[in-house]
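Values in this document were obtained by computation on a predicted structure and should not be read as measured data. Sequence lines set the chain letters: A, B, ... in the order given, protein chains first and strands last, and positions in each chain run from 1.
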Amino acid sequence: MALARRLRMISLLLAISTWLLPSALSVDRHKFKKCSESSPCRRYRSYISRVQALPDSLYTVDPSSVAFDKNNVTLTWTVSHRHHDGKLQGVLQVLEGGALRVTVDEVAGLRERYRLPKDDAIVDSQLRPQHGADVSVGATESAVSFGCWDATAKSITPGRVVLQHSPFKLAFYVRQRLVQVVNGDQLMNLERYRKKEEPPPPPQPPAAQAAAADGEADEEGDEGDEQQQQQEQQEGDEGKKEAAAEAEGVAKDEPEAKVIVDAVSVDADGAWEESFGGHRDSRPHGPSAVGVDVAFIGVEHVYGLPEHAAPMPLPSYPEPYRFFNLDVFEYELDNEMALYGTVPHLVAIHDSPKGQPPVVTGFLWTNPSESWAKLMQETKEGDLPTKYSWWVAETGVMDFFVFLGPTPMNVMKQFHSVAGLPTMPPLFALGKHQCRWNYKDEADVFDVDSNFDKHDIPYDVIWLDIEHTDGKKYFTWNNHLFPKPAEMIDKIAAKGRKMVTIVDPHIKKDDNYYVYRECRHQDLFVKKPDGTQYEGWCWPGSSFYPDFTNPQVRDFWASLFDLSRYEGSTKDLFIWNDMNEPSVFNGPEVSMQRDIIHYGQREHREVHNLYGMYYHRATFEGLTRRDPNQRPFVLTRSFFIGTHRYGYVWTGDNAAEWSHLEISIPMLLSHALGGISYIGADVGGFFKNPEPELLYRWHQLGIWYPFYRAHAHLETARREPWLFGQEVTDIIRDTVTTRYRMLPYLYTATALFAMRGEPIIRPLWFDNAFISDPQTYTISDQMMVGGSVMVKAVTQPMAKNSTAAVYLPENPGGWYDFYTGARLSGGQTHVVSLSQRYVPTYVRAGSVLVSKGRRRRSSTQQRLDPFTVDVYPSDKGEATGLIYEDDHNSWAYKKGEFLFQQLDFRQNTLTAKSLPLPLDDKTPTAKDFTPHSLTKKDFTPHNLNIESIRVHGAPASVSECKAKGAPVHCRSREEPRGGGVYVVAVKKPPVKIGEEGWTVTVGTAV
Amino acid sequence: MLLIFCFLGLVLIDAAALPKGVPHTIDKYRPVQSNQYRCYVSDELIDFSFVNDDFCDCLDGTDEPGTAACAGSPSVAAFWHAHGEEAAFSSTFYCPQKGSKPKVVPASEVNDGVCDCCDGSDEWQGLTPCKNTCWDEGALFRQRKQQIEQGIARRERFVKEGHTVLASVKAELEKEKATLPQHEATLKELEKEEDELKRLEAEKKAKERKKEEEGESQEQQQPLQSEEEALPPVSNVEPATQAEEPSPSPPTLPPAPASPPVQQDDDLDALDDDEVPTDCHEWGEDGKCHDKDHEHDEDEEGLIGEEDEMDEDEYYEEGEDREWEDSRRRAEGSPENATELDKIRTKVSDTRHHVTEAKKKIDHLEKKAKDLESKPEYAHLYHKCVETNSDGYVYEVCFFKDAHQKKDHHSTNLGRRWKWDISTGNLDEDVMLLEGGQSCWNGPARSLKVRFVCGIEEKLQNVSEPSRCVYEVNMMSPAACRPHHLDEFKFLGDSSQQQHDEL
């Protein structure tokens, strides 16, 4: 088979290392499992090499079973196994907009396999079938053909799925091009639930596996490496592998050695019991893993798969990417290790024949148990490269989505059509967040707050970490340090600012603690297999963990945020959820034992990756209930598919190192491709002390993060912006001012994310205009913020390199330097000089940006300021941009109380027209794009005036301008940093954002 | 309330000619040429009506001193950065705060719905109602101003009194200097007389001995000094001990200092701290340093700080006299047996003592006169000690002398040499630098900067350690009050007029 040849290439290609980042910090790798230490992954790997050698495939579709439900646009079929009587049920549903869902489950299994609860991660009840599909059921294959409606482009893309019957295989086509093949290599493995006696344990395999079977917790580190080498060898040498398979023997008895039912037939170690790190996992239900291979045709580069500290595009590491939410202390960069959250969404760019734009598709693995995704080095067959992969989960059903694109934006809209649209945050969420472990007392809070005013640096939210509590009992305050919390919050709020406190899921074992008492009384904690409450160790010491997978527990939790329940809280206090992987200091891999029992008698292994999302959701619901008119703000560390509906995520405990600044762009972008654009990395780095240059460089990048928070570890030196001398204070003030100036643009991008599923930050290739440019595929230190602004991270001190090479994609009219106004041509790399205050930032020609030019102490005060409109014309002298406005805090926009306008600049004239928006409680569909009534509400006291319209790259001599036909003052002047570039500024034109029918002409209309 | 505003309006008539947000001291905000404004630094000419029209016109942003229109403008920031300065008026707003102290706030706080100035002038658009709290806030300033005025008056007295003290010290010094030669002459004569008598006595004895034991002793031909030196052990009636012996003349005497070698020049920095007592302040008659700090240095664990420490004046009056009287008693022996020589010896001893005393006094007076010369207004603090508590330590400063940091029974010297710190170049600021304290481990010798701050009550406050082992403390004293301290209260106007204006 083809895979064997491909695998042979791996060892060669491994030598070509990709993007190695040095890192001074190092994670304790022995604490965390490798594939070889996790039996479902290990045996799947062995199974892959064995299945490759089989002459016949294991799974076939019964042609007579293929059925099509026209109402639900659902194709169903039954899969038979060559060596097993049990049947599998396959289901394919074609969804509106180009998303396809495939599930494969046991028929009449011994135990019901875990499925995502309805509407919890996937918004099942919002899924709408794509009507009008054609079905053909044949003897060898069945096919469904359909049209995907692209609401934005208002066009239909043809899609097609072919179900091959024997062997069972699914092929996905878009625009008549094969893009993804599932089970093309017949690597499917679905371990049916079984009685323990059913398969007697196989004979002990030699060498490494024997060692693993002993469940040695503290195996030597190189043991795994040996296995790894062995694995590579196996993959690399088919013949040898076959011989090994012969020698090892598999199933019940010798004559049937070659009978492989599933991966357990190959390696039964750890199937019923497994140990790691001194922790025993009892596995009472036995093995139940699911795995399959997926080929991405025509693909060299893939992206996404948060959360990993991996560069862009995703490297094909020797080890599979792991998905198992963990509290990883001092994580390392550039590897496949699991981090705090999981969205197994892979986005692939498929090369196209010359002259056609590439097709982009997505693949979403929704299984919430521990999962692994192995990416192979791509191979070329003929002209087309192919990226092969395999995916395996410890338990649950096979449930995945294929998003047919064909554009990156389509893929993300398809993703959100199944994972739900994000929730619109309050405006202050986009402001600067000031955090530290810990602002120690009320005086410290006031001191920091007033210093921001004194140094004229805006910020919106000041945060309190765990030390604010009484003994790490969340919802309480340390009375000595914070004697009057409500008064403190009121005082901060009087300046239009907010506060955030941390609330973690572990509940201190303390009979005097009401949360503990009530949870115990209502029996809300997770339990051990013996039915007793599970006790773990975390910040407060001995702690218990509420079972947030239980709706009742979430309901109880939400009630804790009531103002009458959370003493010292006010409506201006918002919440930070941490340690929700969950982190258990004395548990396996710093988390919970997998045989812990959750709601519905489900094991922790089945729901592990959901726990953090459920917790976040419970908090979100608490804030919603506390104040139904206020959009909540909740930050979480752990996440899963759907977390974007509950708020913000950050990339956890990074470090004050240039390499961590550098990795933040690929990390944030991978989150964005997982639907999590509400994302940021801690500016300055959590661990260690940043040198001032690293600190301000990080701010200069951080102002473009969707979530901009400065944070620091308890043991680091204080690093508020004014502590490094006047120069650094001035740089950071200017930098933060830029963030605030651009809030209208960022808020518009946020609204487009919340209401249309358009990511806020994007890789360069994400834009349809740049997707055909392969140079954009490998750039990982630049990103687009919205559709118009591009930023580049400065990832080295100036002493090392005082220039930066920036690639600007081809664009009509090129690019404008955001800070100097200088014009640069696209389609080439520019080497630009850096300075302390200058980092490469560009505006795409053809853009109109709306901003608020005045510095204020927080976003709240900016409501009263007029807008500024900056026009950056293309080579044709045209530009366009969007502006969204609402009341910044409430849900009134859902009732149409918002402004959404497109500003167009053409023939030297700027015009505005109002646009409709789909509301965020619905999936965007065609009918949402019919205009409906807007601007029901006047946004007083919002200021909607435009104080200035500036046209960049204008001739030097313009002095006559007209607004609504009447002359208005304007003048042309050289851009502040010179370069012979001019900007014409129209002063106070009598026009407003939200009004229609006005024109402002700069110079003479062409 | 309404009245207040009316009056404010009247008072501000002159200021009203200036655009909002401009301090009175700035007079560039006047129309030039045909009613234009010349941008403060960037020099462009714009229509004067553009000033404070809530739009940022000037490149330097100075046309909007009363609005937030230029706050945070990147082109304004770039302009000022290119000029190597911060954005002065383009980024600040001036609140007159009549009745209190004027205040400068960031322009970003103008009309933002938060009251930042006590007169509410930053919220002139009235987006939010601001109470005028300036009169209350101003009370603190008025109180302070009053204190400074009192302080200035008291300082004048201190200056006068200081000059009186200085004059009397000088007068006494002159007197002492004038009488010293007489004493010295008398001493010389007495010594001559004593020598003569000794010679006669010796001759007499020699003759007697010759008569009794012919050609016996040659030793008696030795120099007198040696004989004298040899005498004390044999005779109780020898007058002065070596320590008391002030005469510098006999070269064979141990190097007892002739007088307390108070350093006459301030330049002690070149001296090596580690070589013991070169920088001693109080020399004992035994030639050892009696400066208690040195003793502490030598035995830091010992009991310190609690020994009797006598002021130099007391030292002369009590200690010296006591010793002298002892020797005198010894010299006198039994008066009935006193020979002519004994009598003269007593006289010599007495006179010699007077000379020593006089010299010491002269040195002391000279030092005091020198210490007080430049700032006699601090004469009342001369060698006076005050204490303050900070962070669990007691800080004791003895002005013109030394300073200590004490905790429990442990005392650390923070400085044992003093000088006025003129390094700041600000002659209106009185800073007493106490240097050469105990060295820090692996660090410099400790020092303490005493900054005199205008205040009514004389007390130490605000101890700080700006860098390791370098301490600073403020000493409130009227002696530091100078008329220019009232400058910052000019905003209060004439204090008698103020009340009237405001009410």
A:R856, part contacting chain B, at a heavy-atom distance under 4.5 Å: both
Chain B contact via A:A494 - which portion, at a heavy-atom distance below 4.5 Å: backbone
A:Y819 and B:P74, any side-chain heavy atoms less than 4.5 Å apart: no
Heavy-atom pair of closest approach, residues A:E947 and B:D54: OE1-O, 3.9 Å
Residue list, ring pair (Phe, Tyr, Trp, His ring centres under 6.0 Å) with B:F50, at least two apart or on another chain: A:H969
Rounded distance (nearest 0.5 Å) linking atom OG of B:S75 with atom CZ of A:R950: 6.5 Å
B:D116 versus chain A, the contacting section by heavy-atom distance below 4.5 Å: side chain
Salt-bridge criterion met for A:R855 and B:E109 (N-O under 4.0 Å): no
Under 3.5 Å: donor-acceptor pair, side chain of A:K987, backbone of B:D57: no
Contact origin within A:E727 toward chain B - heavy atom pairs under 4.5 Å: side chain
Residue part contacting chain B, namely of A:D865, when any heavy atom lies under 4.5 Å: neither
Greatest number of heavy atom pairs closer than 4.5 Å to chain A - which of B:S73, B:A68, B:G113: B:A68
Exercise: identify the closest heavy-atom pair between B:G72 and A:T737: O-CG2, 3.5 Å
Neighbour count above 12 (heavy atom, 6.0 Å) for A:E960 CD: no
Heavy-atom check, side chain of B:D53 versus side chain of A:K988, under 4.5 Å: yes
Nearest atoms (heavy-atom pairs only) where A:D453 meets B:P106: O-CG, 3.6 Å
Over 12 foreign heavy atoms within 6.0 Å of NZ, A:K491: no
A:L864 side chain reached by B:L127 side chain, heavy atoms, under 4.5 Å: yes
Gap separating the CG atom of B:D112 from the CZ atom of A:R863, nearest 0.5 angstrom: 11.0 Å
Closest-packed option against chain B by number of heavy-atom pairs under 4.5 Å, given A:R854, A:R741, A:K495: A:R854
Heavy-atom check, side chain of B:L59 versus side chain of A:R973, under 4.5 Å: yes
